[in-house]
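Accompanying notes for the structure given below.
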There are 2 protein chains.
Amino acid sequence: MEPTERLGKKRISESTIHRLSLYYRTLSMLEKENYETVSSKELAKREKLTPAQVRKDLSFFGTFGTRGLGYPVIELKKQIATILGIDRQWRVALVGVGNIGSALVSYKEFSRQDFHIVKLFDNDQRKIGSNHKGIVISDIKNLQTELQEAKIEIVIIAVPAAVAQYIVDDVVKANIKAILNFAPVNLKVPDDVYVRNENMSMELEYLSFAMVNEHPKKKLK
Amino acid sequence: MEPTERLGKKRISESTIHRLSLYYRTLSMLEKENYETVSSKELAKREKLTPAQVRKDLSFFGTFGTRGLGYPVIELKKQIATILGIDRQWRVALVGVGNIGSALVSYKEFSRQDFHIVKLFDNDQRKIGSNHKGIVISDIKNLQTELQEAKIEIVIIAVPAAVAQYIVDDVVKANIKAILNFAPVNLKVPDDVYVRNENMSMELEYLSFAMVNEHPKKKLK
DNA sequence: ATTATTTTGTGAAGCTTTTCACATAAGCCG
DNA sequence: CGGCTTATGTGAAAAGCTTCACAAAATAAT
Ligand SMILES: NC(=O)c1ccc[n+]([C@@H]2O[C@H](COP(=O)([O-])OP(=O)(O)OC[C@H]3O[C@@H](n4cnc5c(N)ncnc54)[C@H](O)[C@@H]3O)[C@@H](O)[C@H]2O)c1
Ligand SMILES: NC(=O)c1ccc[n+]([C@@H]2O[C@H](COP(=O)([O-])OP(=O)(O)OC[C@H]3O[C@@H](n4cnc5c(N)ncnc54)[C@H](O)[C@@H]3O)[C@@H](O)[C@H]2O)c1
C-alpha cells in the first residue's frame, strides 16, 4: 500500500506544458533543417533553457532519448504532439468577429497545428450571414444549439469584456470544456471547464515594470 | 557586513508582477462600483487567488492597508500604477500592420492604460504612406532613425516569424529596451533588453493537453 | 575488446513561491 | 472605554519547481 504515487494523474506543472510547446516548435524547425537527432543541450540553447530542464520535463512522460546520442527529432516531435493532444483535429468556434477575432481567423499557425476554426458568431446584423474567410457568420442567438450541432470542442471569446460572461454562460450550457478568452475579465465557469486567458496588457505592464525598476532577469535564461 | 540583503534590488517574481496587473484591473472595476475600501479577501475572490497571496504580493512593496478595514481602492490603484510604471505615458511603435498588427492598433485597453502607439512600420509599398487610424505608416527602411527621432520606448513586433529577428536586430540598434513579440520565434537580444512573448498557440495547446489528460486544476486557484 | 567520450535519466539538493497562522492594529458598539 | 470583531502584515512552514551531479547506457575510437 503506497499512497504516495497516484497512478497517471500526478499534476504536471503549467511551466512544463508550456515548455513542451516550445520543444515542439523547435523540433519542427530542426526537422526542416534536416537534423536527425538533437541533444537536450541544443534543444535548451534554442529556447534559452537548461539541458537538465529539458530532460526533466521529458522524463515526466517517458524515456525518448538514446544515451550518448540525444533525441530522434521526428519521433520526439510525434511523441510531444501526442502528449499535448495536437495529433488530432480540434473543432474550434470563435465568438466576436471584430478586430482581434478577424485576425485570429486568419492566423495560419492555428490551422497548421490542427486547431480548426469552423464556426463564427457575432450579434452584428451587418456581419451575420456574411462570408468571412470561407465561413458564414452565425447569429449569436443560436450559439448553444449550433455549438452542439457542429460538435465544437474549444471556443475562443473575442467579444467586448462587458458581454463576455453572458456568452460564456451559454458556452458552458453547450457543454464546452475549453475556452480561450481574450476579454480582460475573469470568467466564472464550473470546475470542469478549462479557461485560458490571453492578456496583452499584462505583458506590456510587465515590460513597463521591468523598465522602471531595472528588474534583474532570472539568471541563466 | 550583511551580504544577504541587496538593498532595493531583490527580485520580484514574474507571477507577483502579473498579479499586480490583475489587482489593478480589479481595483479599476471596484472604483467604478464606488467601493471605498476592499479587503484582501474580496480582491482575492475576484481574481480567484488567496487572501494571503494578495497580502504577501503587496507587502513586497510597502504597507497599503488598514487593519480591520482593508485597502483604500483609489489609493491602492494609484500605488500599483506607480509600481508597474503605468502612471506615465509610454511611447510605443508597432512593426507589421497586418492582421494582428491592425487589431492591436485599435485595441482600446492599450491607450486607456497609457501605452500609446505613435508609430507604425511596414515594408508593403501599398501600406507605406497610408493613414491607419490617424497614423501614417512608415517605411521599415527608416526604422532605426525614426524610432530614435520619435523617442519610442517599447516596440511591438507583428511581422512574419521569418523576418522578426532581422527587425529586432535593428530595434536593438535603435537602443530600444523593451519588446513585445507576437511572432512565434525565440528572439535573440542583448541582456539589457526585455522581451515578452505573446504566444497564442501555447495557450490553445495547454487547453488541448488539459482535455486529453483530464489535467487536475491547481487547488483553490 | 577495451577505453574514452558523449549524453540520457533521475534521485536528491537547492531554491523559489505559496500558504499558514498569529501577533498586531484599527474600527465599532454598547 | 473596554471588549469584540475584522482584517492586515509577516516570519515560518509547506509545497512546488529547478538545478545538480552522477550512474548508466550507448556510440566511437584505437
Ligand atoms: N483588438 C485587440 O487587439 C485586442 C487584444 C486583446 C484583447 N482584446 C479584447 O478582445 C475583445 C474584442 O476586442 P476587439 O478590439 O476585437 O473589439 P471589436 O469591437 O472590434 O469586436 C468585438 C466583436 O464582438 C461582437 N459582439 C459584441 N457584442 C456581442 C454579443 N453580445 N454577441 C456576439 N458578438 C458580439 C461585435 O459585433 C464585434 O464584431 C475585447 O474584449 C478586447 O478587450 C482585443
Ligand atoms: N493573426 C493572428 O491572429 C496572430 C496571432 C498571434 C501571432 N501572430 C503572429 O504575428 C505575426 C503577423 O501575423 P499576421 O497574421 O498579422 O500576418 P500578416 O501577414 O497579416 O501581417 C504581417 C505584416 O508584416 C508586414 N511585413 C512583412 N515583412 C516585413 C518586413 N520585413 N518589415 C516590415 N513589415 C513587414 C506585412 O506587410 C504585413 O503587413 C506573425 O509572426 C504571426 O505568427 C498572428
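Convention: sequence-line order gives letters A, B, ...; per-chain numbering from 1. Atom set for the values below is all heavy atoms of this structure, side chains included, hydrogens, waters and symmetry mates excluded.
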- Task: Would you tell me whether B/Gln165 and B/Asp169 have side-chain atoms, one donor and one acceptor, within less than 3.5 Å of each other?
- Result: yes

- Would you say a side-chain N or O of A/Tyr71 is under 4.0 Å from OP1 or OP2 of C/dG9? yes

- Which residues pass the side-chain contact (heavy atoms from CB on, under 4.5 Å) test with A/Thr66, sequence neighbours left out? A/Leu69

- Under the salt bridge (Lys or Arg N to Asp or Glu O under 4.0 Å) test, residues paired with B/Lys173 that sit two or more places apart: B/Asp170

- Could you state the CZ-P distance from A/Phe61 to C/dT8, rounded to the nearest angstrom? 18 Å

- Could you tell me whether A/Glu14 and A/Arg196 have a side-chain N and a carboxylate O separated by less than 4.0 Å? yes

- Measure from CD on A/Glu14 to P on C/dT17 and round the result to the nearest Å. 14 Å

- Scoring nucleotides 21-30 of chain C by protein non-hydrogen atoms under 4.0 Å (B base, S sugar-phosphate only, - none) yields B-BBBS----

- Query: Could you state the CG-C1' distance from B/Leu49 to C/dT19, rounded to the nearest angstrom?
  - Reply: 13 Å

- Look at the side chain of B/Thr16 and the backbone N and O of B/Ile12, then say whether any donor-acceptor pair between them is shorter than 3.5 Å. no

- Message: Could you check whether atom NZ of B/Lys78 has more than 12 heavy atoms from other residues, nucleotides or ligands sitting under 6.0 Å from it?
- Response: no

- Query: Would you say B/Ser208's side chain and B/Leu204's backbone share a donor-acceptor pair under 3.5 angstrom?
  - Reply: no

- Query: So with a 6.0 Å cut-off around OH of A/Tyr166, is the heavy-atom count from everything else above 12?
  - Reply: no

- Query: Side chains of A/Gln148 and A/Gln144: is there a donor and an acceptor less than 3.5 Å apart?
  - Reply: no

- Item | Neighbours of DNA chain C within residues 15-23 of chain A, by heavy-atom distance under 4.0 Å | none

- Round to the nearest Å and state the distance from A/Phe64 atom CZ to D/dA25 atom P. 19 Å

- Let me know the distance between CD1 of A/Ile12 and P of D/dG16, rounded to the nearest Å. 13 Å

- Nucleotide C/dA12, atom C1' - distance to NZ of A/Lys56 in whole Å: 9 Å

- Query: Could B/Arg55 and B/Phe60 be counted as a cation-pi pair, given that NZ or CZ must be under 6.0 Å from the ring centre and within 45° of the axis?
  - Reply: no

- Round to a whole Å and report the spacing from CZ of B/Phe60 to P of C/dT16. 12 Å

- Message: Does a side-chain N or O of B/Gln53 approach OP1 or OP2 of C/dT19 to a distance below 4.0 Å, or not?
- Response: yes

- Task: Check side-chain contact (heavy atoms from CB on, under 4.5 Å) between B/Asn175 and all other residues, then give those that pass, not counting sequence neighbours.
- Result: B/Lys177

- Note on the structure: Within residues 29-42 of chain A, those residues having any heavy atom closer than 4.0 Å to DNA chain C are A/Ser39, A/Ser40

